[in-house]
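Encoded as structure tokens, the structure appears first; notes follow it.
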2 protein chains.
Amino acid sequence: MSVDEVAPHRRGRPPTLKDVASMAGVSIATASKALNNRQHVGAATRQRVQSAADALNFSPNALAQGMVAQRSGTVGLLTSDLVGRFSMPVLRGAEDAFGSEKMSVLLADARDDHIRQQHHLRALLSRRVDGLIVVGAQPDPRPSLGQDLGVPVVYAYAPSDDPQDMSVVADDVAGGRLAVDHLIRCGRRTIAHVTGDPTYGASHDRARGAVERLAEEGLTLAGGEVMYDSWSEAWGRGATRLLLDREPALDAVFAGSDQIARGVLDALLEAGKRVPEEVAVIGFDNWEVLATGSRPPLTTIDPALENLGRVAALRLASAIEGRAGHGVESYPCRLVTRSSTAPLH
Amino acid sequence: MSVDEVAPHRRGRPPTLKDVASMAGVSIATASKALNNRQHVGAATRQRVQSAADALNFSPNALAQGMVAQRSGTVGLLTSDLVGRFSMPVLRGAEDAFGSEKMSVLLADARDDHIRQQHHLRALLSRRVDGLIVVGAQPDPRPSLGQDLGVPVVYAYAPSDDPQDMSVVADDVAGGRLAVDHLIRCGRRTIAHVTGDPTYGASHDRARGAVERLAEEGLTLAGGEVMYDSWSEAWGRGATRLLLDREPALDAVFAGSDQIARGVLDALLEAGKRVPEEVAVIGFDNWEVLATGSRPPLTTIDPALENLGRVAALRLASAIEGRAGHGVESYPCRLVTRSSTAPLH
DNA sequence: CTACTTTCCGAAAACGTTTTAGCGACGTGG
DNA sequence: CCACGTCGCTAAAACGTTTTCGGAAAGTAG
């Protein structure tokens, strides 16, 4: 095994293709072809290059590859709330749809601050991301970033207000319908809906789905109307007390969020109602820490955010390949059954 | 205003320095110096280049800059749980300590899967990150990534098991001490500690801090011992029922997490105890959705994770500049006072 | 022996930037 | 008029890849 002992490589820096090539006694071009399984390389040579690369623990410089390929193998993830419950699952779904091998995720948290967003946007574009996923903190439409960014953009969870853009969101109407459908299947007939901030479009969508499904049974909302206020446990408690006054026959509550549902449960228990025997409760979001810790554990609607992230990544990948889409795509929610609902004896 | 109308630039691609230069009628080198505020450029020329760059909306290709500077301006964030409550604040703190202008964050979620971690590690190194922040899902020590990665590494929240590495963590002992100190200042003397999984080092650290502070007052734990089990609301409820049997005089509970604290509150209320008048409750984590929604809102110990992220970023920046550190640095927790504790009338 | 493939390999250009070295022009002091 | 700086600018190298093109060597057919 005679080796020429060419200068191994500069101290402190990772080995380059040149190092591999000279160790294997071939040109850089040949080394490149060998490692990328291109043809026009002899089997023996290929093997020698491989060994050299392994010995040096060579890993190609993605920046250099990006230069010549004119794509960085990177997507930007622009989010409005990093601590929020909603961006994380999306992010996670996106991250593994891309498979980590070909694509990495560059994260930027804009915190709902417009100028910070512009800042981050410039930084991401400067890094020549191949595409952008924008995930909002609220399910409501948000201003478009515009079409002239030079890279494709997909909006997740919060759609863009420009129909020209591509957005993927959870189907809130179907989610509301699904919740009430489940309660009806449990034999409930006196169903109230306690939900959050009336300025959220999602509140109304969920309520609409709920009311539609009720109507199909010839029913209307217990309490007479949707109870809007805020996304808090406190409101869940307060609304429930009101309801118990107005509707002594109440046998189910659809809560617009798991937080509200927790409040509803609390107030029901306090009033001596048994859940789910007397009153069934269903939440929305499937926020694990809330839904599994409650007494009893909470049946809830899961907006399948991770799936949303996956789809967003897929759509973005397509757009990067040139097959751009547009419009808002809605994806179904999923019923997660725990113990706060059950058939009426 | 005579312009030469040189070929504007290749369609579809972002403008390059060459485009700016030819628009301003200077060489690439001059354009570079002008935009980077280097000397050896005339004032008028500099102005012309600036205008051209603005007109073209030029932003320098960070990949190319990275090639020549031998640093990518990117750090890798390797986390074990992306949905988890703990990595997010750290991430956020890190993200803004870096100022987004000079440094971007490349995200990788390993999900506690060793081979996935190796995968992501290779991807990050291939992208030539300038450094790595590793944030764990649990506060306990984790295996070191090793010293020979070629880039500096800082471990946050979960320290490395190799003292040669640099780790920044929350001071759990001081946190436990702080919790009990607050209860004592509220005049409580019969204080129990309900906490989670006994296999977590953090459980024991918090308990140790608590017991130490009690000892300074000549007190011991109500119930006789630390009550370990799991990080769940259900355990909080169960433990509280046990406690009320054993210690009718109980006037305070230090819960090892906010989830447990929620369970404690529930059980106390159910037993007819008034909080905080009869029994004070303090949690740990300051997990907003749990702590603010409870009845009453929960006083708790905030491990200041965002600060941890900031410090981690700072330490990493130092290490990148060549001033590497090592060892485990602990940072204090913060008391967040809400309504579940109050002075004994 | 010539002409022609086929097979394997290397030289060189290209990607977009920063930096080094050098080159004219111009002014200044002798 | 000459030596010498200084100033403003440009040419070219370098960073680490991939790819194109051409060339050498060897084999095959005439």
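Note on naming: letters A, B, ... go to the chains in the order of the sequence lines (proteins, then strands), and numbering restarts at 1 for each one.
B:Arg111 and B:Ser80 share no side-chain donor-acceptor pair at under 3.5 Å.
The listed nucleotides are C:dC15, D:dA11, D:dC9; the one nearest the side chain of B:Arg13 is C:dC15. When the nucleotides D:dT17, C:dA12, D:dT10 are ranked by their closest atom to the side chain of A:Gln65, D:dT17 comes out on top.
Listed pair A:Thr16 / D:dG16 fails the phosphate criterion, with no side-chain N or O lying under 4.0 Å from OP1 or OP2. For A:Arg38, a side-chain nitrogen or oxygen approaches OP1 or OP2 of D:dT19 to under 4.0 Å. Listed pair B:Asn61 / C:dC15 fails the phosphate criterion, with no side-chain N or O lying under 4.0 Å from OP1 or OP2. Remark: B:Gln70 is not in phosphate contact with D:dC15, judged by side-chain N or O atoms under 4.0 Å from OP1 or OP2. For A:Thr30, no side-chain nitrogen or oxygen approaches OP1 or OP2 of C:dC9 to under 4.0 Å. Contact between the side-chain N/O atoms of B:Thr45 and the OP1/OP2 oxygens of D:dG8 is not found at any separation under 4.0 Å.
Taken from CZ in A:Arg315 to CZ in A:Arg310, the straight-line distance is 10.5 Å, to the nearest 0.5 Å.
Across all strands shown, A:Val41 has heavy atoms under 4.0 Å from sugar-phosphate atoms exclusively, and none from any base. Counting non-hydrogen atoms under 4.0 angstrom, A:Ile28 reaches a base of the nucleic acid.
If you check distances only, the side chain of B:Lys33 never reaches the base of C:dT17 with a donor-acceptor pair under 3.5 Å.
Taking the nucleotide of DNA chain C with the nearest heavy atom to each of B:Ala64 and A:Arg48, the more 5' of the two is matched to A:Arg48. Both B:Met67 and B:Gly25 lie close to DNA chain D; mapped to their nearest nucleotides by heavy-atom distance, the more 5′-ward contact belongs to B:Gly25.
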Side-chain donor/acceptor pairs under 3.5 Å, residues 54-67 of chain B, sequence neighbours excluded:
unit_1  : atom_1 : unit_2  : atom_2 : d
B:Asn61 : OD1    : B:Leu63 : N      : 2.8
B:Asn61 : OD1    : B:Ala64 : N      : 3.2

For this session: Starting from the C-alpha separation in whole Å, work towards a yes-or-no answer on side-chain contact (heavy atoms from CB on, under 4.5 Å) for B:Glu329 and B:Met166.
Result: CA-CA 8 Å; B:Glu329 289 182 2; B:Met166 169 98 219; 3.4 Å; yes

